[in-house]
Amino acid sequence: MAHIPDRPVRTRFAPSPTGSLHIGGARTALFSWLLAKHYDGKFILRIEDTDRTRYVEGSLEELLDGLRWLGITWDEGPDVGGSYGPYTQSERLEHYHKWAAWLVENDKAYRCYCTAERLAQVNEEKKKRGEQLGYDRHCRYLTPEERAQREAEGLSSVVRLKAPLDGQTTVHDLIHGEITFDNSTIQDAVLLKSDGFPTYHLAVIVDDHLMEISHVTRSSEWLPSLPLHVTLWNAFGWQMPYYAHLPVILNPNGKGKMSKREVFMPDGTQVPTLVRDYKAAGYIPEAVVNFLTNIGWNFGDDREVFTVEESIERFDITKVNPANAAFPFDKLNWLNATYIQNMPTDVLAAHLRQPLEEAGLTVDSDETLRRIAPLVQERLKFYKDIVDWAGFFFREPFVAAPPEDLIQKKMDAESTAQALERAYEVLSQIDDFTHERLLEKMDALATELGLKRGQMFGVLRVAVTGQRVAPPIFETMEIIGKDKCLTRIQQAAESLKQLT
RNA sequence: GCCCCCAUCGUCUAGCGGCCUAGGAUGUCACCCUUUCAAGGUGAAGACACGGGUUCGAGUCCCGUUGGGGGUACCA
């Protein structure tokens, strides 16, 4: 049964500005976004920059660019604003201070004066004794006098949660169902750091509440801190959002969380990890989104290729597979090629100019591109493959293949030269230089010379394109034009003389 | 160590007690088509981790084992 929210749907993606958008983060953002869009809700972007030491200059723009490229749009966020702003946590400190103080006043939290050194020492001793690690709650039990004394001394302090000491906490997760934890495992976590910034735990609860987030979607790495968060919701007495912990994307070999860098397929090919790397590698954003949607979720009807609108229509957060998934990178390459094959030819043509120009070639007219596009459409895996497939259309001067490449199977220099010479004669007589006519004449010539089509056409292909592998030869010749074809064929015939 | 999550072809997945001699996709390998290369077509190999229950009946429910993943910070 599908999930029916009892409140307006507002989901958020809350990255830290610590670098460029990771493909795993993009998947989390995408699922949150699909959830919101499915219910005609709002998708909010919030920046969680509460750790000043990890801040990376320029990463906010990187994050936004990555999402924009994928087509994941946000209704509220640091750049566009919204009525729940500001959307950057470092600009919301007053809220965290206010609510941290509230917790202390209401006996839900306390100030802790322990030094990092003492904390380390406590853990070391616990380790030695084989006890569970964690804060020993020393300051939780300070007397008012002791507390006053420390304040008077001006000791720096943090605010810690008073975690429940016993009992159990059960939470319902939209993807995982009921999850139960022993409260004894909940730490007296730091909520407000000594530098005045909140930790994730405090900030996420305060902001999700203030921003009226209806569904918390995040990677299941967060599952262990769920009881802590529930404790906080209860301490504040606020209505809890729905929770959905998404499966983690593992490295392609299934070993460990997908890394931020240096990821390889079992066969050794490198896998891009940053969204901007996908863009740079020439992936089609729609294909990447389609690909990501298929990890942990299934469209149904045995369909794997669909538009984002279709997935919004069908998306069901409760049907997300709770199991972690190895990153199925090879499917993306297939999908990218599928997207190229399925797009209208003129759309493809428009995408071909840029890679050609980036390769230093001059594209004179869009018309040429439109004529070439149908010849290469089912051969391209990426737009940039056009350079290898059809660069010869634009390369000036023409780069001929080495003469030995002209010689086809079971042929020699002599028979090859003869084929070229005869082809030259026949072709120069043709006025309507169309592929149909060329096929007809060259087919006949092959028969005349006692050659197989593959041999005859192969010789022409190498002579005219300079490549052994190229688009269909007669369509190609038609586009290149009679004059150039004849010149190249003549040159090819000439070049064979070097071999004799 | 402790806590939590997870477990179907190599991989991504369908399956929510009988429709399963387990479906799709990708990848791999054949064959067909063929003007090279692709694309396309056909086909093949390929999985319910294991052990107990529950049930007339289990891939599907329960327990355990094993395996994998995550967490265990004044990082998120």
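Each chain gets a letter, A, B and so on, in the order the sequences are listed, and its residues count up from 1. Heavy atoms only: backbone and side chains are in, while hydrogens, waters and symmetry mates are out. Predicted model, so just to flag it, every value in this text is computed and none were measured.
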Q) Contact class for A/Ser16 (heavy atom, under 4.0 Å): base, sugar-phosphate, or nothing? A) sugar-phosphate

Q) How is A/Thr180 classified with respect to the nucleic acid when contacts are heavy atoms under 4.0 Å: base, sugar-phosphate, or nothing? A) sugar-phosphate

Q | Rounded distance (Å) that lies between atom P of B/G27 and atom CE of A/Met265 | A | 11 Å

Q) Where along residues 287-296 of chain A does a heavy atom fall under 4.0 Å from RNA chain B? A) A/Asn294, A/Ile295, A/Gly296

(Q) Taking pairing as Watson-Crick or G-U wobble with both contacts under 3.5 Å, can you name the mate of B/C9, or confirm there isn't one? (A) none

Q.
Checking contacts here: which listed nucleotide (B/C74, B/U13, B/C6) is nearest the side-chain heavy atoms of A/Thr199?
A. B/C74

Q) Nearest-Å distance, NE2 (A/His229) to C1' (B/G71)? A) 12 Å

Q. Less than 6.0 Å separating the ring centroids of A/Tyr96 and A/Phe197?
A. no

Q: Using a heavy-atom cut-off of under 4.0 Å over every strand shown, decide if A/Lys127 touches base, sugar-phosphate, or nothing.
A: nothing

Q: Using a heavy-atom cut-off of under 4.0 Å over every strand shown, decide if A/Phe474 touches base, sugar-phosphate, or nothing.
A: base

(Q) Mind checking if A/Pro17 touches a base, just sugar-phosphate, or nothing, with heavy atoms under 4.0 Å? (A) nothing

Q. Which part of the nucleic acid, if any, lies within contact of A/Arg160, taking any heavy atom under 4.0 Å across all strands shown: a base, the sugar-phosphate backbone alone, or nothing?
A. sugar-phosphate

Q | Mate of B/C2 where both pairing distances stay under 3.5 Å, Watson-Crick or G-U | A | B/G71

Q: Could you let me know what B/A49 is paired to, Watson-Crick or G-U wobble, both distances under 3.5 Å, or none if it's on its own?
A: B/U65

**Q.** Sub-6.0 Å ring centroid separation between A/Phe291 and A/Phe329
**A.** no

**Q.** Selection: residues 444-459 of chain A, any non-hydrogen atom under 4.0 Å of RNA chain B
**A.** A/Arg453, A/Phe457

Q.
Heavy atoms only, 4.0 Å cut-off, all strands: where does A/Thr50 land among base, sugar-phosphate and nothing?
A. sugar-phosphate

Q: Hunt down the Watson-Crick or G-U wobble partner of B/G18, both distances under 3.5 Å, from any strand shown, or write none.
A: B/C56

